[in-house]
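Scroll down for the structure; my scribbles are underneath it.
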Amino acid sequence: MTGNDILLWDETLFKDLSVLEPDYLPEYFPHRESQLNSLRFALRPALRGMRPLNCLLVGPPGTGKTSAVMKMFREVEVHAPGVVAVKVNCQIDSTRFAVISRIYRKLFGISPQFGNRIQENL
Ligand SMILES: Nc1ncnc2c1ncn2[C@@H]1O[C@H](COP(=O)(O)OP(=O)(O)O)[C@@H](O)[C@H]1O
Ligand SMILES: [Mg+2]
């Protein structure tokens, strides 16, 4: 091993470290078109104000389940501004209140406790 093999403090092995972020969403998402179409079909009623179909995505870790759902959420936000897509990670939001709070925050931009305090002050 020579000194040239060692990375300096400002050097990295990675071209783009952001791909390792938990919420990274790739622009190019190959081999999932049929699954994305199934999700689009399930979501279609929501675009007409009706209840969408429930979906359960199964498969080994790292095969694109979360990414497929987040891609759908982006499409919904672009094409159906009246439909609000909320991601709830139940490992983080592990109580009923936490789940409802997450949805409330996405809908109203404030947490329910804070909203109540504002209402009390009115
Ligand atoms: N078909 C694919 N094309 C490009 N990247 C993919 C694909 N499937 C998964 N990935 C990438 O692999 C990583 C893990 O994907 P993720 O959606 O979190 O998997 P899962 O939810 O199935 O465990 C993410 O960074 C995602 O961008
Ligand atoms: Mg996942």
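Counting starts at 1 for both ligands and their atoms, following the listed order. From a predicted model like this one, the values you see are computed outputs, not experimental measurements. For the numbers below, each heavy atom of this structure counts, side chains included, while hydrogens, waters and symmetry mates do not.
- V76 places none of its side-chain heavy atoms less than 4.5 Å from the side chain of V78.
- Salt bridge annotation for E77-K106: present, with a cationic side-chain nitrogen under 4.0 angstrom from a carboxylate oxygen.
- Side chain of K71 to backbone of E27: a donor-acceptor contact under 3.5 angstrom is found.
- More than 12 heavy atoms of other residues, nucleotides or ligands shown are found within 6.0 angstrom of CZ on F29.
- Protein N/O/S atoms closer than 2.8 Å to the Mg ion (ligand 2), listed by chain and residue number, are T66 OG1.
- Evaluation of the side-chain hydrogen bond (donor to acceptor under 3.5 Å, both in side chains) rule for D10 yields no partner, not counting sequence neighbours.
- A salt bridge does not link E75 with R44: none of the charged nitrogens is closer than 4.0 Å to a carboxylate oxygen.
- Every salt bridge (charged side-chain N to carboxylate O under 4.0 Å, His left out) that E33 has, sequence neighbours left out, goes to R40.
- By the rule that hydrophobic residues join a cluster once side-chain heavy atoms approach within less than 4.5 Å of another member, V88 and I100 end up as members of separate clusters.
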Which pairs of N or O atoms, one from ligand 1 and one from the protein, are separated by less than 3.5 Å, and what is the distance for each pair?
from     : atom 1 : to  : atom 2 : distance (Å)
ligand 1 : 1 (N)  : P30 : O      : 2.8
ligand 1 : 17 (O) : T66 : N      : 3.4
ligand 1 : 17 (O) : S67 : N      : 2.8
ligand 1 : 17 (O) : S67 : OG     : 2.6
ligand 1 : 19 (O) : G64 : N      : 3.2
ligand 1 : 21 (O) : T66 : N      : 2.9
ligand 1 : 21 (O) : T66 : OG1    : 2.8
ligand 1 : 22 (O) : T63 : N      : 3.2
ligand 1 : 22 (O) : G64 : N      : 3.1
ligand 1 : 22 (O) : K65 : N      : 2.9
ligand 1 : 22 (O) : K65 : NZ     : 2.8
ligand 1 : 23 (O) : G62 : N      : 2.7

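- Looking only at side-chain heavy atoms (C-beta outward), V86 and F73 stay at 4.5 Å or farther from each other.
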